[in-house]
Each structure stands twice: as structure tokens, then as C-alpha cells.
Protein chains: 2
Amino acid sequence: MPLTIEDLAKELGLSRSTISKALNDRPYVSHETKARVLRTAHELGYQPSAAARNLRRQRTNKIGLVVTYPIHRVSDFLAELIPGMATVAEEAEYNLILYASMVGRVERIKSLCRSREVDGIIIAWPPSLSETVALSQLLADEDMPHIFLPRRVPHEAVSYVAADHVQGARLLTQHLIALGHRRIGFERLPEVYETDDDRHEGYAQALREAGIPYDPALVVSANSQDADYERRSFDAFQALDEPPTAILFFTDPLAIRALSHAKARGIRVPQDLSLAGYDGILSTGVTEPALTTVRQSTAEMGELAAASLLKLISAGGAEPQQHILPVDLIVRGSTGLNSRA
Amino acid sequence: MPLTIEDLAKELGLSRSTISKALNDRPYVSHETKARVLRTAHELGYQPSAAARNLRRQRTNKIGLVVTYPIHRVSDFLAELIPGMATVAEEAEYNLILYASMVGRVERIKSLCRSREVDGIIIAWPPSLSETVALSQLLADEDMPHIFLPRRVPHEAVSYVAADHVQGARLLTQHLIALGHRRIGFERLPEVYETDDDRHEGYAQALREAGIPYDPALVVSANSQDADYERRSFDAFQALDEPPTAILFFTDPLAIRALSHAKARGIRVPQDLSLAGYDGILSTGVTEPALTTVRQSTAEMGELAAASLLKLISAGGAEPQQHILPVDLIVRGSTGLNSRA
DNA sequence: ACCATTTCGGAAATCGATTTCCTATATGTC
DNA sequence: GACATATAGGAAATCGATTTCCGAAATGGT
């Protein structure tokens with residue numbers, strides 16, 4: 001139904017090729033002809049068919065955001081990630097296609113490559129390291145530019161954008177040490193692989209630097225499947241001979257709930273116990289006391305991922321893009337001087 | 001580079017048409033031939049070119065989410081909206097393309113239609129009513145199925161999904177009236193048009209039902225450009241001869257900030273003053289006291305919008321889809337009995 | 001056994017652009 | 001003025017599928 005290039009050609013008494021050359025600013029079209037074509041095209045509101053153009057050009061000017069994790073579990077991050085990502089893409093005349101139901105569907109990713117419906121792929125929250133590397137290999141075999149998010153991939157050929165979680169946890173731990181804490185608990189979350197390793201490493205590193213011995217009793221693993229676990233582990237900490245005077249939580253919601261547990265048990269924060277979260281979600285600003293946390297610039301990560309992917313697309317087979325973004329320590333009221341020091 | 005249908009045909013010693021019929025489950029292919037084709041296609045990992053298929057079929061199996069509002073201003077809503085939307089689309093073998101930079105770019109929307117890169121459009125946060133209706137007319141002229149979000153469009157031919165804000169504000173106001181409040185302030189936000197009208201209407205309606213006179217002095221307009229305005233209007237309320245004993249805010253962040261102002265001035269919530277927000281963002285659960293608010297099911301709205309759009313797409317020219325979703329009153333600690341009653 | 005239908009599969013048209021190739025004219029050089 | 005080169009524009013090939021059309025073989029009815 002809409003106008004085709006053929007209609008436009010007929011209207012102007014020219015051939016399809018001339019129209020195409022004029023519209024795409026190619027040589028061998030006289031200045032006047034080109035102007036005439038452009039004017040008429042604009043008047044009639046002609047717009048080339050995306051499908052026809054994609055077929056002929058063998059590219060779509062679309063990038064895919066493939067979420068290989070239950071999407072409702074990461075929607076808060078997506079909210080920060082997507083706007084910048086889409087904006088950067090659109091500045092380069094690309095659009096973002098969302099692939100939301102991609103948990104464990106490697107076959108689907110493969111068919112995405114083969115059908116060539118996107119020119120490049122951002123893979124968000126890929127599964128374990130080994131699967132990530134395998135997936136990267138698969139995509140490379142399919143000649144599909146791609147980049148991973150939001151975890152580093154310790155492999156020289158793989159592109160990724162991540163935040164510096166070693167540094168984040170280190171900053172938090174150093175902050176607590178500076179406040180006089182020496183018994184610092186850490187609640188980790190092994191199910192997120194490298195990120196967990198990194199934060200744990202940052203924690204251990206800061207302790208090491210301060211000459212504080214690492215005590216395994218102070219490190220527990222959270223379990224997102226079992227909510228009551230949080231309460232039990234909190235109480236277990238308090239029941240230790242030498243309970244921690246400060247606790248780092250892998251993520252803000254854990255810390256926020258711990259704050260309620262503490263209050264429920266009459267433990268004052270930060271006078272009796274310092275608590276800190278991680279990620280800097282909005283809610284951390286309105287708890288009482290407000291939560292000390294580490295903020296990663298998710299928005300910047302989205303922009304950088306899109307920009308890097310576009311580079312990979314245009315520079316066919318360029319060197320991998322590997323970026324680790326700095327994080328910011330946000331000190332608020334939930335951490336204070338160690339009163340037992 | 002990837003396999004084409006021609007390669008597959010050669011491989012099997014068949015013609016393109018036969019392959020196509022087999023893969024698309026059309027008649028006039030013998031059972032064995034079809035089986036053979038399917039098996040080989042699967043073995044070789046053949047996947048039809050999306051561009052070629054789109055061109056021939058004259059549809060893309062993509063729907064567009066066009067955000068006609070600065071995207072970073074609505075990213076929290078997008079976070080709830082997108083997952084369900086994308087999931088519903090994908091269940092019907094559609095994907096979601098995001099168009100993030102569409103503020104005031106009617107021309108761009110038109111070219112989107114003409115280039116046929118999507119089969120339907122969800123328009124989020126369209127501008128004023130008149131522009132919305134004009135836009136709808138434009139899209140209809142272009143034969144582009146479309147639906148608006150998240151505000152109702154009082155026009156019989158236009159499809160939309162919205163939440164029942166009249167009811168939301170009415171529930172909140174009734175709740176406060178039931179607590180004995182009769183001086184109830186309302187901070188509205190005129191820049192969001194119908195939504196503001198609706199909530200104001202719900203507020204006025206509840207007052208009317210309770211026989212409480214509407215006092216214009218109790219209704220102020222917030223201004224998202226001027227942050228200090230909030231504080232001034234809060235103080236202005238307190239300076240009235242008969243200050244309000246409860247205040248409804250157009251949106252949660254306004255209420256949360258008002259909570260800080262109140263504390264800063266030694267006004268106790270809810271003993272001296274009840275406060276309520278609107279939207280039910282996460283932070284409202286962790287303030288102290290937690291905020292009474294109204295929750296709209298944004299996720300459900302996304303799903304419904306996608307499902308409705310798919311209906312419009314498949315039922316070419318069916319009746320418009322108009323949905324108003326119910327909202328929930330969430331009563332928490334920030335509202336209490338009127339102590340001055 | 002003969003004619004009318006189906007069934008199967010291939011040849012060719014089609015979707016709407018871009019790109020290559022070609023021809024006719026204009027321009028430039030000596 | 002003859003010849004090489006550049007320019008303008010058109011004809012046709014191409015991208016990779018789907019769909020229509022057609023002929024040959026198989027099937028069925030009498």
C-alpha cells in the first residue's frame with residue numbers, strides 16, 4: 001500500500017536506479033535531478049521499505065538485547081541500562097530489539113544469528129563463565145558481533161562491559177576498617193559467579209591490606225531461594241563469641257531487610273552494628289538510617305555497551321572491547337564508628 | 001554467508017518452492033519429502049533470512065514501543081512495563097523494538113509507518129490529548145495498528161490501556177475521610193493532563209460524597225521544574241488558618257520528600273499530619289513510617305497493551321481496545337486518625 | 001479403459017530496494 | 001577535428017524468501 005520506489009520513479013519519469021542514487025547521495029546523478037527527486041520524495045512522504053533495504057544491504061541497523069536471565073528479576077537494572085543503550089544506538093541510526101525470554105535458549109540465539117535479524121547482540125546476565133565462553137565462540141562462528149554484560153569475562157577474546165566489583169567491596173571494607181571495625185561480616189551470593197568472586201576478593205583484599213585475619217565464620221552465603229535464611233544467618237552472626245560489628249551485604253535488599261531484623265531485635269544501627277549494601281538502589285536513600293552502599297553506574301554501562309557493540313559492528317573483526325567501569329562509595333548513616341573498639 | 005534456501009534445495013536435489021512449502025507446512029508436499037526437508041534443515045541449522053521473509057510476507061513480526069517522553073524520566077515505569085510486554089509479544093512470536101528518542105518527532109513516527117519496520121506500535125506517554133488524537137488519526141491513515149499508554153484517551157475510536165486514577169484518588173481520599181480527616185490537601189501535577197484531571201476528580205468526588213466542601217486553598221499544583229516549590233507549598237499549607245490534617249501527593253517522590261520536610265519541622269507523621277503518595281514505588285515500603293499509597297499494576301498494563309495490540313494487528317480493523325485497569329489502595333503507617341478531630 | 005480430479009514438485013513471478021553494467025552524450029586534450 | 005574520459009541515466013541482476021502457476025503422475029469414478 002505505501003509508496004514504492006517504482007511509484008516515485010513513474011511519478012518523476014525516471015528509473016528506479018536514478019531514484020535510488022539520488023536518495024542515497026551517490027554519484028552520477030545531476031544536481032538538479034537529485035534535488036527534484038529529494039523534493040518529490042519528501043512531498044509524497046516516500047520512505048524506503050525497511051525489509052527490502054535490509055535484504056539488499058544485508059544488514060538491519062538493529063541491535064539485540066538478549067536477556068538470558070528471568071527478566072522480571074533484573075528489571076530494575078534494565079530500567080537504568082536500556083535508556084542509555086537505546087539512545088546511543090539511535091544516535092547511530094540503530095534501534096534496540098529486546099529478546100526477553102532467552103533463559104537457556106542457546107538454540108534460539110543461534111537462530112537469531114542465522115536469520116540475521118540484528119547486526120549485533122548485547123547479552124545481559126549470561127550464565128556461568130564456561131557457558132559464556134561457549135556462547136561467545138558460537139556467536140563468533142556465526143560472525144555475529146557481541147558483547148557481554150554486566151560481568152567481566154576473563155578471556156582475552158571476549159568483549160564485555162562490567163563494573164569494578166573488587167574495588168567496590170574493597171572501598172566498603174576499607175571504609176569500615178577506617179571506622180575502627182575489625183570483625184566485619186560479609187554475606188555473599190555465590191549464584192552470581194564472577195561478581196560474587198570479585199566482591200569477596202575485594203573484601204578479603206582490604207582485610208589483608210589492614211592486617212586483619214580472614215575469619216570464615218564471618219562469611220556466609222545468601223540464598224535467594226530461601227528468604228528465611230537471611231534472618232537465621234543474621235541471628236547466627238549475633239550468636240558468635242565475637243560477633244561482627246559491621247556487616248557487608250551482597251546487595252541492597254539484603255541489607256535493608258537486615259536493618260529491619262536489627263531493629264526488631266533492639267540492635268541500634270549504626271551505634272551497635274554497622275550495615276552496608278551494594279548497588280545503590282533508590283530505596284537505600286530513604287531507609288532510616290540511610291544505607292551506606294556502592295553505586296555502579298548502570299546507565300553508563302548501557303551506553304558503553306551499545307557504543308562498543310557499534311564499534312565491533314563497523315570495525316568487522318576488530319580487537320575485543322573490554323571495559324571495567326569504576327564504582328562509587330556512598331557513605332550514609334548506616335555505618336558508624338565501632339563502639340566496641 | 002549463512003545458508004540460503006537455495007543451498008538447502010541444492011543439497012536435497014529439490015526446488016526452492018518445495019523446500020519452502022515443507023518448512024511452512026503447506027500442502028502439496030509428500031509426507032516423506034517434508035520429513036526429509038525438515039530433518040536436513042535442522043541438521044544444517046538452516047534459518048530463513050528475516051529480511052527476505054519480511055519483504056515477501058509484508059510483515060515483520062515486530063512491535064514498536066515508542067516513548068514520546070524523555071526516556072530517563074520514565075525508566076522506572078518502563079522497568080515494570082517492558083518485561084511483561086516483551087514476554088507477551090514473544091509468546092506470539094513477536095519481538096519488541098524500542099524507539100527511545102521520540103519526543104516531538106511526529107515525522108519520525110510517520111516514517112516508521114511508511115518503512116513498515118514494525119507491524120504495530122505502542123505509544124507510551126503521548127503528549128496532550130489533542131496531539132494524541134491527531135497522532136492516532138495519522139497512524140490510522142497509515143494503516144498502522146496502535147495503542148496508547150498509560151492514559152485514557154476520551155475518544156471512541158482510539159485504543160488505550162490506562163489505570164483507574166479517578167478510583168485511585170477516590171480510594172485514598174475516602175480512606176482519609178474514614179480516619180476523620182476533613183481538611184485534606186492535594187498536590188496535583190497539571191503537566192500530566194488527563195491523569196492529573198482524573199486524580200483530582202477522584203479527590204473531589206470523595207469529598208462531595210462525604211459532604212465536605214471543596215476548598216481551593218487546599219489544592220496546589222506541583223511543578224517538576226522547580227524543586228524548591230515543594231518546600232514552599234508544604235510550608236504554605238502549614239501557614240493556613242486551618243491547615244490540612246492530611247495531604248495527598250500526586251506521586252510518591254513528592255510524598256517522600258514531604259515526609260522529610262515534616263520531620264525537619266518537627267511535625268510528626270501520622271500523629272500530626274497524614275501523608276499519602278501515589279504509584280507504590282519500592283521506596284514507599286522502607287520510609288519511616290512507610291507510605292500509604294495507591295498501586296497501579298504497571299506490569300499488567302504492559303501485558304495488556306501488548307496483547308491488545310496483537311489483537312488489533314491480527315484482526316485488521318477490529319473495534320478499538322480500551323482498557324482501564326483497577327488500582328489498589330495500600331494502607332501503611334503514614335496515614336492515621338485525625339488527632340484534631 | 002477413459003476421463004476428471006488430486007497430488008506432487010518445479011519453473012517463474014514477486015516483494016522493493018541497491019548495485020552493477022551498459023549506452024549515449026558531454027567534456028577535455030592534443 | 002579525432003579520440004579519450006567523465007557524466008547522466010536506464011536496463012537488468014541481485015538479495016532470499018514466498019506464492020502462483022503449470023505440467024506430470026497418481027488416483028478415483030463409472
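Lettering follows sequence order; numbering is per chain, from 1.
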Chemist: Look at B:Gln58 and C:dG16 and indicate whether a side-chain polar atom (N or O) is within less than 4.0 Å of OP1 or OP2.
Modeler: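 For C:dG16, OP1 or OP2 has a side-chain N or O of B:Gln58 closer than 4.0 Å.
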
Chemist: Any chance the side chains of B:Ser136 and B:His155 put a donor and an acceptor closer than 3.5 Å?
Modeler: no

Chemist: Would you mind telling me which of C:dT7, D:dA8, D:dG16 lies closest to the side-chain atoms of B:Tyr28?
Modeler: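 The answer is C:dT7.
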
Chemist: Report yes if a side-chain nitrogen or oxygen of B:Arg16 is closer than 4.0 Å to either non-bridging phosphate oxygen (OP1 or OP2) of D:dT18; otherwise report no.
Modeler: no

Chemist: Has the side chain of B:Thr4 got a donor or acceptor that lies under 3.5 Å from a partner of the other kind on the base of D:dA17?
Modeler: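 There is none.
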
Chemist: Whole-Å distance between D:dA17 P and B:Lys21 NZ?
Modeler: 16 Å

Chemist: Side-chain donor-acceptor pair under 3.5 Å between B:Arg108 and B:Ser111, yes or no?
Modeler: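 Their side chains do contain a donor-acceptor pair, which is all the 3.5 Å distance test asks for.
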
Chemist: Hey, which of these two, B:Gly13 or A:Ser20, hits DNA chain C nearer its 5' end, going by closest nucleotide?
Modeler: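 Counting from the 5' end, the first nearest nucleotide belongs to B:Gly13.
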
Chemist: Which of the following nucleotides, D:dA17, D:dT20, D:dG9, is nearest to the side chain of B:Ile5?
Modeler: D:dA17

Chemist: Using the side-chain heavy atoms of B:Ser15, tell me which of these nucleotides is nearest: C:dG10, D:dA13, D:dG16.
Modeler: C:dG10

Chemist: Does the distance from a Lys or Arg side-chain N to an Asp or Glu carboxylate O, for A:Lys62 and A:Glu117, drop under 4.0 Å?
Modeler: no

Chemist: When the distance from CZ of A:Arg53 to P of D:dG16 is rounded to whole Å, what number comes out?
Modeler: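 Whole-Å distance recorded here is 18 Å.
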
